[in-house]
Amino acid sequence: MHSHWLPRRIIVSPGPVEGRADAPPSKSYTHRALLAALLAGGVSLVENPLWSGDTLATLEAVERLGASVESRGRVARLSSPGAAGLSWTPCIDAAESGTTMRLVTAVASLLDRPVLVYGRGRLHRRPVRPLLEALAGLGVRYLASGCCPPHSVQGPAQSGSTKVDAWGSSQYLSALLILGAGLPGGLEVSVERLESRPYVDVTVRVLEAFGARVERSGYSWFRVAGGLRATRYRVPGDWSSAAPLLAAGALAGRVGVAGLDPGDPQPDRAVVEVLREAGARVRVSGSLVEAESTGRLEAFTACIRDSPDLAPLLAALAAPACGVSRICCADRLRLKESDRVEAVLDLLHRSRVEARLAEEPGMGLCIEVRGRCGRLPGGVAYSSHGDHRVAMAAALMGLASEKPVVVEPADVVAKSYPGFWEALRGLGVALAEG
Ligand SMILES: O=C(O)C1=C[C@@H](OP(=O)(O)O)[C@@H](O)[C@H](O)C1
Ligand SMILES: C=C(OP(=O)(O)O)C(=O)O
């Protein structure tokens, strides 16, 4: 990962935003491609990988499990012994990556000796126990003090069938599917209460690209048979990272993001519809998506059950909008890199925007935002709460403000998008180290 401009404290000044950026590679796909290549064995090429804090944690994990990776810029060459030949490692540091933590927990259960999984930041407050219970159904022993990491697993996991309560994270199911692709006899999984569903489609897409056979009944039952083989795989653009750039265009000018696939199952492509509902002009032509301000933003209602990562930036759109916006199905936001319900309310209250929580039948927890129908006051210091997506949303609030704002800590964007502040600069945003 070459060095990026990542100040701890950044001053964002309001002003017009204009230009074009390339979508960074997808974090979700990169995690999955590295792990599929590890289990497939042989030599795989992963083109256009994302190198960010999270994906480097997965890279270190696959190397500790026996892969050797040469990364020459935009292509990573991964040579691996395959699922039956993994190396034992006593511990794996998942850093702050929930995806790494859950997916690697399942892969490590292929080994017959205990592997400790731990992390940093808020990772020890992010749940994993339902995945451990599902792995126990496959003969995996585990030690865990409570809901969350640190925990250890000891396989070898057996082929067969298990069930998982997936409410806390779709990553539990993605982890089991990846494990199943590495088991000679495959795996059958029954699923309850799954949210963030499209991420499971991302997992299935990568596993099938690497040769696995996946049968399913909707999102309630899956059977994975192995068959992974070394593959040349190209990682697509990241909709979750493109979303704040598109929102910047909707708020303050016109931004085009290239390298996106509108047909990709990534859930955060839903940002297109929300921006349109909020009154922005959005054009999709091939792999280029452009969002343009029309000078006024309207209130909107969005259920983020399947696209939780959009929540912080939706708050940044709702704050200057005219009317009462609702960001609903928000219950699971408390389980992310921050308690994103509290973090979003903090951003809004510091922007002197009226915001409250409400329970709506069928929509769960809603963050209700009475927009200011115009620019935010600015002249405030926003806390990112140590959360990359909250930092990006705070920057957007700066673009919608009368006066400059401070964002701190700002370097947390490195978790998913190390080049975020440089990309904003490239779009004409005035940024200064605080
Ligand atoms: O599988 C993935 O790549 C992800 C799944 C989502 O988590 P949940 O399934 O826990 O909502 C999302 O928040 C995260 O950024 C990435
Ligand atoms: C929650 C996120 O990722 P993870 O679950 O992998 O930490 C995110 O990228 O917003």
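If you're wondering where the values come from, they're calculated on a predicted model, not measured in any experiment. Counting starts at 1 for both ligands and their atoms, in listed order.
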Check each atom of ligand 2 against the heavy atoms of [X] and keep those under 4.0 Å away; list them by number with element.
| X | result |
| --- | --- |
| R126 | 1 (C), 4 (P), 5 (O), 7 (O) |
| R340 | 8 (C), 10 (O) |
| E96 | 7 (O) |
| K27 | 2 (C), 3 (O), 6 (O), 8 (C), 9 (O) |
| H388 | 8 (C), 9 (O), 10 (O) |
| K336 | 1 (C) |

Would you kindly specify which portion of [X] sits under 4.0 Å from ligand 1, judged on non-hydrogen atoms: side chain, backbone, both or neither?
| X | result |
| --- | --- |
| K336 | side chain |
| S169 | both |
| R305 | neither |
| P308 | side chain |

In the protein, what heavy atom is nearest to [atom], and what distance, to one decimal place, separates them?
| atom | value |
| --- | --- |
| atom 10 (O) of ligand 2 | R389 NE, 2.7 Å |
| atom 4 (P) of ligand 2 | G98 N, 3.6 Å |
| atom 5 (C) of ligand 1 | Q171 NE2, 3.3 Å |
| atom 12 (C) of ligand 1 | D309 OD2, 3.4 Å |
| atom 1 (C) of ligand 2 | E337 OE1, 3.1 Å |

**Request:** Could you tell me whether T100 and ligand 2 have an N or O pair separated by under 3.5 Å?
**Result:** no
**Message:** Can you confirm, on distance only, whether ligand 2 has an N/O atom lying under 3.5 Å from any N/O atom belonging to R102?
**Reply:** no
**SG atoms of C328 and C303 less than 2.5 angstrom apart** = no
Using a strict cut-off of 4.0 Å, indicate which atoms of ligand 1 neighbour a heavy atom of [X].
| X | result |
| --- | --- |
| K27 | 15 (O) |
| S28 | 2 (C), 3 (O), 16 (C) |
| R332 | 8 (P), 10 (O), 11 (O) |

**Request:** Using non-hydrogen atoms of the residue, decide whether E195 is closer than 4.0 angstrom to ligand 1.
**Result:** no
**Message:** In this structure, does ligand 1 have an atom that sits under 4.0 Å from one of the heavy atoms of H31?
**Reply:** no
**Request:** State whether a side-chain donor-acceptor pair under 3.5 Å links S174 with T203.
**Result:** yes
**Request:** For the residue pair Y29 and Y233, categorise the inter-ring angle as parallel (less than 30°), tilted (30 to 60°) or perpendicular (more than 60°).
**Result:** parallel
**Message:** Could you work out, with side-chain hydrogen bond (donor to acceptor under 3.5 Å, both in side chains) as the rule, every residue matching H151, not counting sequence neighbours?
**Reply:** T105
**Item:** Residue list, side-chain hydrogen bond (donor to acceptor under 3.5 Å, both in side chains) with R125, at least two apart or on another chain
**Value:** none
**Request:** Determine, using heavy atoms of M101 and all atoms of ligand 2, whether some pair is separated by less than 4.0 Å.
**Result:** no
**Fill in**
Check: of S196, P267, S307, min heavy-atom distance to atom 11 (O) of ligand 1 comes from S196
**Check: R32 N/O within less than 3.5 Å of ligand 1 N/O** = yes
**Asked** Do any nitrogen or oxygen atoms of R389 lie less than 3.5 angstrom from nitrogen or oxygen atoms of ligand 1?
**Response** no
**Request:** Taking the side chain as every heavy atom from C-beta outward, state whether V324 and V369 have any pair of such atoms under 4.5 Å apart.
**Result:** no
